[in-house]
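In what follows, chains carry the letters A, B, and so on, assigned in the order in which the sequence lines appear, proteins first and then strands, with residues in each chain numbered from 1.
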Amino acid sequence: DAKTTQPNSMESNEEEPVHLPCNHSTISGTDYIHWYRQLPSQGPEYVIHGLTSNVNNRMASLAIAEDRKSSTLILHRATLRDAAVYYCILRGIFGNEKLTFGTGTRLTIIP
Amino acid sequence: DGGITQSPKYLFRKEGQNVTLSCEQNLNHDAMYWYRQDPGQGLRLIYYSQIVNDFQKGDIAEGYSVSREKKESFPLTVTSAQKNPTAFYLCASSIRDRGLDEQYFGPGTRLTVT
């Protein structure tokens, strides 16, 4: 299974942009890159996903490297409610595969 | 409101007892999933179901059983064979089981076995 590597923790100041990196050097051409986040004692929440091109939605942006071996989740203006554990996950195009959540990146927002 | 419900939020059981965790969705999703999360860890897949009357083992299926008799329901039974059942259990669903489909998660059930 293709795996991802993320920093254990990051800090950011409130109202500033946050860039959360993810390495996935063994990604295959048909793997989607998904990001989820989890607040304490809650279920994960979908953030964004992409295949090759950069993606934007109301929550965040996803920047995918040209060789697809890494990606960055961008929160444009962090708020205290963005403090969570962020998971970067690869998902094969046909599903049928185990969705593997690593330990993610714990994001702390400093007021 | 569409969504996934899990009940109860907290569950306490004595060792040696089987316990069933409920998961219901009204999103009309075909695929449903059960995950386990231990403190400070990521999620691990227990079982998943791509369609009614079908389910597959995940990474840690031993000591667990599931059924999928209805599209909207995917209950998980934690049997006495599960050696370390105390954990946070999360249910999820998605439209289909495809790479581009996002998963919607329930609020979770925290099971404590003593």
CZ (A:F101) and CD (B:Q103) are apart, to the nearest 0.5 Å, by 6.0 Å
Among the listed options B:K9, B:R44, B:Q37, B:R96, the residue most often paired with chain A at heavy-atom distances under 4.5 Å: B:Q37
Give a yes or no on this: more than 12 heavy atoms of other residues, nucleotides or ligands lie within 6.0 Å of atom CG of A:N8. no
Same cluster (ILVMFWY, side-chain, under 4.5 Å), B:I4 and B:Y89: no
Counting only heavy atoms closer than 4.5 Å, note whether B:L90 contacts chain A via side chain, backbone, both or neither. side chain
A:L80 with A:Y86, same ILVMFWY side-chain cluster at under 4.5 Å: yes
Is it the case that atom CZ in B:F105 sees more than 12 heavy atoms from other parts of the structure closer than 6.0 Å? yes
Those residues that, when tested against B:A61, pass side chain to side chain contact (heavy atoms under 4.5 Å, CB included) (two or more places apart): B:Y47, B:K57
Region of B:Y35 that comes under 4.5 Å of a non-hydrogen atom in chain A: side chain
In terms of hydrophobic clusters joined by side-chain contacts under 4.5 Å, are B:M32 and B:V52 together? no
Give a yes or no on whether A:R68 atom CZ has more than 12 heavy-atom contacts from other residues, nucleotides or ligands under 6.0 Å away. yes
Decide whether A:L62 and A:L90 are clustered together by the hydrophobic rule: side chain heavy atoms of Ile, Leu, Val, Met, Phe, Trp, Tyr closer than 4.5 Å, transitively. yes
Gap separating the CZ atom of A:R91 from the CG atom of B:L100, nearest 0.5 angstrom: 9.5 Å
Select all residues of residues 34-51 of chain A having any heavy atom within less than 4.5 Å of some heavy atom of chain B, and report them by number, or 'none'. A:H34, A:Y36, A:Q38, A:S41, A:Q42, A:G43, A:P44, A:Y46, A:H49
Is it the case that more than 12 heavy atoms not belonging to A:E14 sit under 6.0 Å from its CD atom? yes
Test item: B:L43 and A:Y87 side chains (from C-beta on) under 4.5 Å apart, heavy atoms: yes
